[in-house]
Structures are given as C-alpha cells and as structure tokens.
Protein chains: 2
Amino acid sequence: MINSRKTPVPMKQESRKQEIVNAAAILFKEKGYSAVTMRDLATAMGIKAASLYNHIQSKQEILSTIIIELAEEFTTGMNQIVNSDHSAIQKLENIISLHIDVTLRNSDGLASLNNDWMHLEEDNLLYFEKMRNDYEENFRQIVISGVNTNEIKPNNIEIIVFSTLSTLRTLYLWYPKQKNIEADMLKKDMISVLLKGLV
Amino acid sequence: MINSRKTPVPMKQESRKQEIVNAAAILFKEKGYSAVTMRDLATAMGIKAASLYNHIQSKQEILSTIIIELAEEFTTGMNQIVNSDHSAIQKLENIISLHIDVTLRNSDGLASLNNDWMHLEEDNLLYFEKMRNDYEENFRQIVISGVNTNEIKPNNIEIIVFSTLSTLRTLYLWYPKQKNIEADMLKKDMISVLLKGLV
DNA sequence: GTCTATAGTAGGATAGAC
DNA sequence: GTCTATCCTACTATAGAC
C-alpha cells in the first residue's frame, strides 16, 4: 500500500515495511525462511514481534514481497533482451550483465529467491514457477539460436544452459565476499570465463 | 525393513537407520531441514514420529549423518587428486569426475550439504566448515598452478574458482531431471563446457 | 520395533492499552 | 507505532505399554 494517507507526501512511502523486508532478507539468507522466527526479525529491528504486524500482514507476505519483486525484475530484463535484435552471444552477455546488476542491488533477496521459493503459497508459488520456467526457456532458446548460427559450440544444450545459469544464480553467495572488484570489471571477467572458457 | 531377524546375518547392519536417513534426505531436499518435521519423516516411513527415536537420537543427528559423510567423501577425493602428479587440467577433470560420481550416488544428500549445513551444531559445524574451506583452497591452488604453467588462461582466479565450483555444487539440482544421459557422456560434456568454454 | 499419551517448548498471530 | 499479555497450534523428544 503506497501513499495511504490524507495529506499527499512527496516520495519514499512505506519505508518501514521496506526496512522489515530488508532485515528479513538478511536473516533468510543466513538461516533460511523456515528457521527465522518473527521474534528473530523483531529483535533485528529492535522492536517486539507483535509490532511487526502493524506493517506487514504475515511472515508469508514478507517472503513473497522479496521473491516476486526480484522474479519480475528478471522477467522484465529477459523480455527486453529477447526482443532485441542482437546476436545470441550479445544476448548472453546482456543476461550476464542483468544478473550482475540485480545481484549488486539486492544480493540478500536472491538467497530467498534461490532457496526459499518453495515456501511461497498458492498463486504466488504458481506465478513464480511460471516466471522461472519462462526464464529458463528463453535462455535455452537463445543458446539454441547461437548454436544454429555457429556462434556457440554444439555441446550438449542442457549442460550449457545449466552450467551458465547455475553460476549466475549463485553469484549472490560469492559477490559480497569480493572486496575490490567493480561491476564493469566483474562483467568483463564473467563474460570471459563463462563464454570463452578457461583453457 | 531389511534384516529384522533373531539369527545374525552376514552384512548390511543398521539399515533401518539408513532408511530413515535416506527418506530424510529426500524431504530435506524438497523443503529444507527446518521445514521438515519428525511427523513428516515418520509419515514418509509409514510409522509414527515417536518410533523414529528407536533408531536415531535426534533430528540433528540425521542432518549431520547426511552432511558429514558427504563432506568426508569430497575431502578424501580431493586429497587423492591433490597428491597425484597429474597436470592442473587433469586434476580439474578429476574434480569434475568426483562431483559427478558423488552426485550420481547421493544427489538427495547434496541438497542438505549445500543448503542446510548452517543448521549443523557445535563440533560438526566447525568440522564441516573446515572441510569446506580446505576443499576450496585446494581447488584454488590447482587453478593457480594451472595459470602459472600456462594451462589455464589468466582470468581473475576467484571468478574461475567460483564459476566452476558453483556449477559442480548445483549439479544435484539438475542431474535428476536429465533422463537419458550417461555418466561418461556427462563427464565428457561437462569438461568440454567448463574448461573449454562455449564459444 | 511400534504404539499411545504427553511433557515442555516455541512458533505465528491477535487484542487492547498506551 | 510499540508495547504486554495471551491464544492456539505445532514442534522435538520422552515414558511406558504391547
């Protein structure tokens, strides 16, 4: 709920809810959704558990806020890439770039997206699974078109899709540990390693 | 139920505990350690929760049985590879092979090793973390030696280590979905994709 | 080896005072 | 917006009968 007051306010509404969501993402990353209690979260916020419910409706709402927002970000980014008229290799480079951008902006939330999506309920679970499947299928089709145009070596398609996606999906685990690496350098090196190989 | 008789039987002791551990690994893979209850596990085994405690001491013991055994398997395998006199590339190929072998044998347990190790307690947590750090450091040193002998392109070392390990560590998520791929073919293709690149 | 019954604790969430 | 108090449910684990 954005701007739910009588007097209109310039910007940055609902920041208390966002603070809770951000704090929750950090805890979910450390222990997983199921192992984090509302009391843990309240302690991290410096308040009591009951007070959380003035800002959020349920623990489940926190999880879906984290995950659905990120999944939509990936979906939007992928759609732009798919609808561009770049080569397959350029599209893959843009996908790597997309993952790095999202990881820099919200690496905590990506932990939930990767490990706790199965705790989403009802419609949100179905919605997430559809976005995830579509994302993978778009990725696969880009790889296939790259093989067809001889841009990509004709290895087993599924292994290419899996190995590349698994690296991009676990960036969130690794990036925060790297102290002195800039986004542009990271993109360049990831493209080099993922697309051009080690040897 | 195997071997539940008065007369002693040659081999395969404690199989009831192993059945419980195996059933638990499947459930832990689906929902994570914290979200799986002893009632869930008992239902999967076709008994009541209280009956589980005739075979195991605690839920925690199940988790540590799954994880520590696998971690020791990786540690043993890595030590053999490190102490061999192969080239860096050959060592990396053997590491890929090790991961594929372990994944084929126990892909369910690998989910716990990857996602639920932080729920280990006390000594087991420290023991696990030491094995994991040592494993990564051994991996890193092999990559470094490969760069020094010009076997491996001098990209950012950490990116090479991270991208390769993240693919190998998430094999368990992907392999069971592949119907018609044999271990040898998988090894060959993984080596090709991970070491020689896509382009 | 499995059962019923239950102890003891901790979880998500609500009511109502301030 | 936060608090205290509390409800109700569900959890891990134990005791003791069969």
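Per chain, numbering begins at 1; letters A, B, ... match sequence-line order. What you see below is based on every heavy atom in this structure, not just the backbone, and it leaves out hydrogens, waters and symmetry mates.
Rounded to whole Å, atom P of C:dG11 lies 8 Å from atom NZ of A:Lys31. Rounded to an integer number of Å, the gap from B:Lys48 NZ to D:dC11 P is 14 Å. A straight line from OH of B:Tyr33 to P of D:dC11 spans 14 Å, rounded to a whole angstrom. One atom, CD1 of A:Ile20, and another, P of D:dG1, lie 10 Å apart when rounded to the nearest Å.
Between the A:Ser192 side chain and the A:Lys188 main chain, no donor and acceptor come within less than 3.5 Å of each other.
Taking every heavy atom of residues 34-42 of chain A and every atom of DNA chain C, pairs under 4.0 Å involve A:Val36, A:Thr37, A:Met38, A:Arg39, by number. Of the residues in residues 56-63 of chain A, A:Ser58, A:Lys59 come within less than 4.0 Å of DNA chain C through at least one heavy atom, sorted by number.
Checked against ring pair (Phe, Tyr, Trp, His ring centres under 6.0 Å), A:Phe28 has the following partners two or more places apart in sequence or in another chain: A:Tyr33. Applying the ring pair (Phe, Tyr, Trp, His ring centres under 6.0 Å) rule to B:Tyr135 yields the partners B:Phe74, B:His99; only residues at least two apart in sequence or on another chain are considered. Residues satisfying the side chain to side chain contact (heavy atoms under 4.5 Å, CB included) criterion with B:Thr164, sequence neighbours excluded, are A:Leu198, B:Phe139, B:Ile160, B:Leu168, B:Leu194.
The A:Tyr53 side chain lies nearest to C:dT14 when the options are D:dC3, C:dT14, C:dC3. Nearest to the side chain of A:His55, among D:dG1, C:dC3, C:dT14, sits D:dG1.
Residues A:Glu73 and A:Asn106 are not in side-chain contact: their nearest non-hydrogen atoms beyond the backbone lie 4.5 Å or more apart. By the 4.5 Å heavy-atom criterion applied to side chains, A:Asn114 and A:Thr170 are not counted as neighbours.
The number of heavy-atom neighbours closer than 6.0 Å to CE of B:Met185, taken from other residues, nucleotides and ligands shown, is 12 or below.
For the OP1/OP2 pair of C:dG1 and a distance below 4.0 Å, the side-chain nitrogens and oxygens of B:Ser51 include no atom meeting the criterion.
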Compile the donor-acceptor pairs under 3.5 Å between side chains in residues 122-132 of chain A and protein atoms, sequence neighbours left out, one pair per line.
residue	atom	partner	partner atom	Å
A:Tyr127	OH	A:Glu72	OE2	2.6
A:Lys130	NZ	A:Asp134	OD2	2.7

